[in-house]
J.: 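Submitted below is the structure of interest, expressed as structure tokens.
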Amino acid sequence: MTADTRRFLNAAGEFLRADPARNTVILTVTEDLRATAAAPAEAAAAAGALFGWWQPEGEPVEAAFMHTPDYPLLLSRVSAPAAARLARDLTEARRRVPGINAGQKAADAFAAAWRDRTGAAVAVYRRMRLFRLGELIPPGRWPDGTARLAARTDRDLLARWFGAFAREVGDPPGQDYRGAVAERLGYGGITVWEAGGVPVSVAGRTRAVAGMVRVGPVYTPPELRGHGFASAATAAVSQAALEAGLREVVLYTDLANPTSNAVYQRLGYHPVEDRVVLSFTPARRRLGFTRERTRGLRPAGRR
């Protein structure tokens, strides 16, 4: 385990890049650290991020993980015994982990080991699905308006929309949305759908890494929903990624949201794998997490 991003990528980078779709989050987070900091290791350490990899003696790397404080630990495809061992190692290191995001078997093994060592209660929080774009199928009926890259003049509006999106999906509070917007504006990572000269929806994307890009967040204010703006914005971002020569365009959905799952499949996205997020409630403080409308973890009682 290490907080040094360079060391982590030197060890696990080949493993991650061999399957960029399934390893999309770890790849894009570490790419952000590499791109935005003169010293990625120092940036990761300052953020409290922790990385690790599983490598049997004399064998290539077989799994990797990433953990950022306040978020569930993110685990790549890994065997159940290796996942259980990681849970034991993290409890011995006194790492605070509010949940696990992994495939079902690995998540169950990690959670069982975590519960045995900490007494924490374990609950299913969210089930999610990774989609990969095949052939892009444009919307059957385009809504009014057009897509454009977001500009600096959109920054305040986008910061509010990013914050609203985070509240809907239950991300931890206190994030720097203005900073997140500014970073994405710097590499063209936000597309706005504009109707009548007014922004009505937004679709973001990550930096490209290993020939892959991930679409998200996609957000339309509640009063503007039902007109196909989000579908159009997603199609525009997806088309731009293909035109840029990227081999894999992916996104995640919450399986509890049938609308978004249907929309993305109509655009030509196909299922790749399912994951589960399990939440851990400390035995001495059973506050747990409450489910928001779509996805994420939020401490109970926090709005």
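Heads up: numbering here begins at 1 and tracks the sequence. Keep in mind that what you see is a predicted model, and the values were worked out from it rather than measured.
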J.: Against Val192, only a single residue in Val200, Leu149, Thr146, Leu158 fulfils side-chain contact (heavy atoms from CB on, under 4.5 Å); can you say which?
T.: Leu158
J.: If you look only at pairs with a residue in residues 74-91, which of them pass as a side chain to side chain donor-acceptor pair (under 3.5 Å), with sequence neighbours excluded?
T.: none
J.: Taking the side chain as every heavy atom from C-beta outward, state whether Val61 and Glu14 have any pair of such atoms under 4.5 Å apart.
T.: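 No - every pair of side-chain heavy atoms lies 4.5 Å or more apart.
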J.: Hey, does the side chain of Thr281 reach the backbone of Ala120 with a donor-acceptor pair shorter than 3.5 angstrom?
T.: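 It does not hold such a pair.
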J.: Heavy atoms, side chains only, cut-off 4.5 Å: are Asp176 and Glu183 in contact?
T.: no
J.: Tell me if a side-chain donor or acceptor on Arg214 pairs with a main-chain N or O of Thr206 at a distance below 3.5 Å.
T.: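 No.
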J.: Can you confirm if the aromatic rings of Trp53 and Phe15 lie within a centre distance of less than 6.0 Å?
T.: no
J.: More than 12 heavy atoms of other residues, nucleotides or ligands under 6.0 Å from CZ of Arg148: yes or no?
T.: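 Result for CZ/Arg148: enclosed.
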J.: Would Phe51 and Phe8 count as a close aromatic pair, with their ring centres under 6.0 Å?
T.: yes
J.: For residues Leu90 and Leu50, determine if any side-chain heavy atom of one lies less than 4.5 Å from a side-chain heavy atom of the other.
T.: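 When only atoms from C-beta onward are counted, Leu50 and Leu90 do touch, with a gap below 4.5 Å.
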J.: Are Leu246 and Leu130 in one and the same hydrophobic cluster, where Ile, Leu, Val, Met, Phe, Trp and Tyr link if side-chain heavy atoms are under 4.5 Å apart?
T.: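 No, Leu246 and Leu130 fall in different hydrophobic clusters.
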J.: Measure the acute angle between the ring planes of His227 and Phe229, then classify it against the limits of 30° and 60° as parallel, tilted or perpendicular.
T.: tilted
J.: Checking the side chain of Thr24 only, and the main-chain atoms of Ala21 only, is there a donor and an acceptor separated by less than 3.5 Å?
T.: no
J.: List the residues meeting salt bridge (Lys or Arg N to Asp or Glu O under 4.0 Å) with Arg178, not counting sequence neighbours, and say none if there are none.
T.: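 Counting only residues at least two positions away or on another chain, Arg178 forms a salt bridge (Lys or Arg N to Asp or Glu O under 4.0 Å) with Asp156.
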J.: Evaluate the side-chain proximity of Leu86 to Trp54: yes if any heavy-atom separation is below 4.5 Å, no if none is.
T.: no
J.: Please confirm whether the backbone N or O of Ala235 pairs with a side-chain atom of Gln239, one donor and one acceptor, at under 3.5 Å?
T.: no
J.: Answer yes or no: is there a donor N or O on one side and an acceptor on the other, between the side chain of Arg205 and the main chain of Ser238, under 3.5 Å?
T.: no
J.: Return yes if some donor-acceptor pair links the side-chain N/O of Trp193 with the main-chain N/O of Asp144 below 3.5 Å, else return no.
T.: yes
J.: Could you check whether Gln104 and Asp108, counting side-chain N and O atoms only, form a donor-acceptor pair closer than 3.5 Å?
T.: yes
J.: Would you say Val250 and Arg22 make side-chain contact, with heavy atoms under 4.5 Å?
T.: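 No, every pair of side-chain atoms sits at 4.5 Å or beyond.
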J.: Please tell me whether Leu251 and Leu74 are part of a single hydrophobic cluster in this structure, the criterion being side-chain heavy atoms less than 4.5 Å apart.
T.: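 Each belongs to a different hydrophobic cluster.
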